[in-house]
Amino acid sequence: MSATECLARAYREDVELWIEPSAAGPRLLFRAKYTLPDDLREELREHKPAVVKLLQQNQRMKELGWQVLNFGELYLWSIHPQSDLMALREAHDRFDLTRYGWSPGKPKPSYQKVVASRVEFPEMLERAQSYLQYIEKRCSHA
C-alpha cells in the first residue's frame, strides 16, 4: 500500500489525519469516527514518513490556493475557465507539470504545454509559481 492509498483508505474509514510538530519530528495524529482498524493503524505506521510528507505537501499546496485531488496525486490550479495548470505525481515521487487548454463542450484538452517533467516536489512548486507569475504578467499586459 502506498501513502496515497493509506490516505484514501483513511478517508473511506472516516479517519481524519493531520500533523503536529514536535521536538522529535512531525507527529502523525488521527481522529476516527469509529475505531481505527488495526490493519490501517499498521499501514499508517509502516508508511508514516511517506504519509507525513504527502500531508505536508498537500497542506502547502492548499495554502497556496491549489486544489488537492486524489489525495495528493494531482494538484490543480485553474488559470481561467478554459485553462488549467496540473501537477501530476508520477513514479518515484516525481511530478509532471502541464498546462491544459479546454474547448467548450470537448472532453479532451485542445492543447497542452509541458512546463516540467519528472521533477521533485520543491522544483515542481518553484516552476509552477514561476509559470503562474509569467501568465499573470502576460495577461496584465494584454
Measure across N58 and G72 and return the closest heavy-atom pair with its distance rounded to 0.1 Å. OD1-CA, 3.2 Å
Euclidean distance, Y134 OH relative to K137 NZ, rounded to 0.5 Å: 11.0 Å
To the nearest 0.5 Å, what is the distance between CZ (F30) and CZ (R41)? 4.5 Å
Side-chain heavy atoms nearer than 4.5 Å, only ILVMFWY residues, links allowed to pass through others: does that put M86 and L69 together? yes
Compare all side-chain heavy atoms of V15 with those of K33 and state whether any distance is below 4.5 angstrom. no
Salt bridge or not for D96 and R89, using N-O below 4.0 Å? no
How long is the gap from CD on Q67 to OG on S78, to the nearest 0.5 Å? 7.5 Å
Do L132 and L125 share a hydrophobic cluster, counting only Ile, Leu, Val, Met, Phe, Trp and Tyr and linking them when any side-chain heavy atoms are less than 4.5 Å apart? yes
Between E13 and L40, does the side-chain contact (heavy atoms from CB on, under 4.5 Å) criterion hold? Intermediate values first, please. CA-CA 9 Å; E13 301 274 349; L40 177 56; 4.1 Å; yes
Can you confirm whether Q56 sits close enough to I19 that some side-chain heavy atom of one is under 4.5 Å from a side-chain heavy atom of the other? yes
Nearest-0.5 Å distance that lies between atom CH2 in W18 and atom CZ in R27: 9.5 Å
Rounding to 0.5 Å, atoms NE2 (H47) and CD (E5) come to a distance of 8.0 Å
Stepwise side-chain contact (heavy atoms from CB on, under 4.5 Å) test for Y75 and Q57: CA-CA 10 Å; Y75 300 116; Q57 289 174 353; 3.6 Å; yes
Can you find a pair of side-chain heavy atoms, one from L55 and one from L17, that are under 4.5 Å apart? yes
When you compare the side chain of R99 with that of I135, does any pair of heavy atoms fall below 4.5 Å? yes
What one should report as the nearest heavy-atom pair of M124 and L97 is O-CD2, 3.9 Å
Could you tell me the separation between the CG atom of L36 and the CZ atom of R31, rounded to the nearest 0.5 Å? 13.5 Å
Which atom names give the shortest non-hydrogen contact between W102 and P107, and what distance separates them? CZ3-O, 3.8 Å
When you compare the side chain of R12 with that of L7, does any pair of heavy atoms fall below 4.5 Å? no
Any residue meeting side chain to side chain donor-acceptor pair (under 3.5 Å) with S130, in chain and number order, not counting sequence neighbours: none
Would you kindly say whether T4 and E73 are connected by a side-chain donor-acceptor distance under 3.5 Å? yes
Can you name the nearest heavy-atom pair linking P26 to K48, along with the distance? O-NZ, 3.6 Å
Could you check whether D39 pairs with R9 (Lys NZ or Arg NE/NH1/NH2 to Asp/Glu carboxylate O, under 4.0 Å)? yes
Co-membership, hydrophobic cluster, residues V52 and L54, 4.5 Å side-chain: yes
Considering only heavy atoms from C-beta outward, does the side chain of D14 approach that of Y34 to under 4.5 Å? yes
Taking atom CD as the centre, does E46 end up with more than 12 heavy-atom neighbours from other residues, nucleotides or ligands that are less than 6.0 angstrom away? yes
K53 and D93: CA distance, side-chain angles, deciding distance, side-chain contact (heavy atoms from CB on, under 4.5 Å) verdict: CA-CA 10 Å; K53 181 179 177 183; D93 220 19; 2.9 Å; yes
Indicate, with yes or no, if Y131 and W66 share a hydrophobic cluster defined by side-chain heavy-atom contacts under 4.5 Å among Ile, Leu, Val, Met, Phe, Trp and Tyr. yes
Near H80 NE2, under 6.0 Å, is it more than 12 heavy atoms from other residues, nucleotides or ligands? yes
Heavy-atom distance under 4.5 Å between the side chains of V119 and R94, does that happen here? no
I want to check something: taking the side chain as every heavy atom from C-beta on, are I79 and D84 in contact at a cut-off of under 4.5 Å? no
Under 6.0 Å between the ring centres of Y111 and Y100? no
Which heavy atom in L64 sits nearest to a heavy atom in W77, and how many Å separate them? O-CZ3, 3.1 Å
Between L74 and V68, is there shared hydrophobic-cluster membership here, with clusters defined by ILVMFWY side-chain heavy atoms closer than 4.5 Å? no
Run F95 and L88 through side-chain contact (heavy atoms from CB on, under 4.5 Å) and show every step you take. CA-CA 5 Å; F95 288 85; L88 177 65; 6.0 Å; no
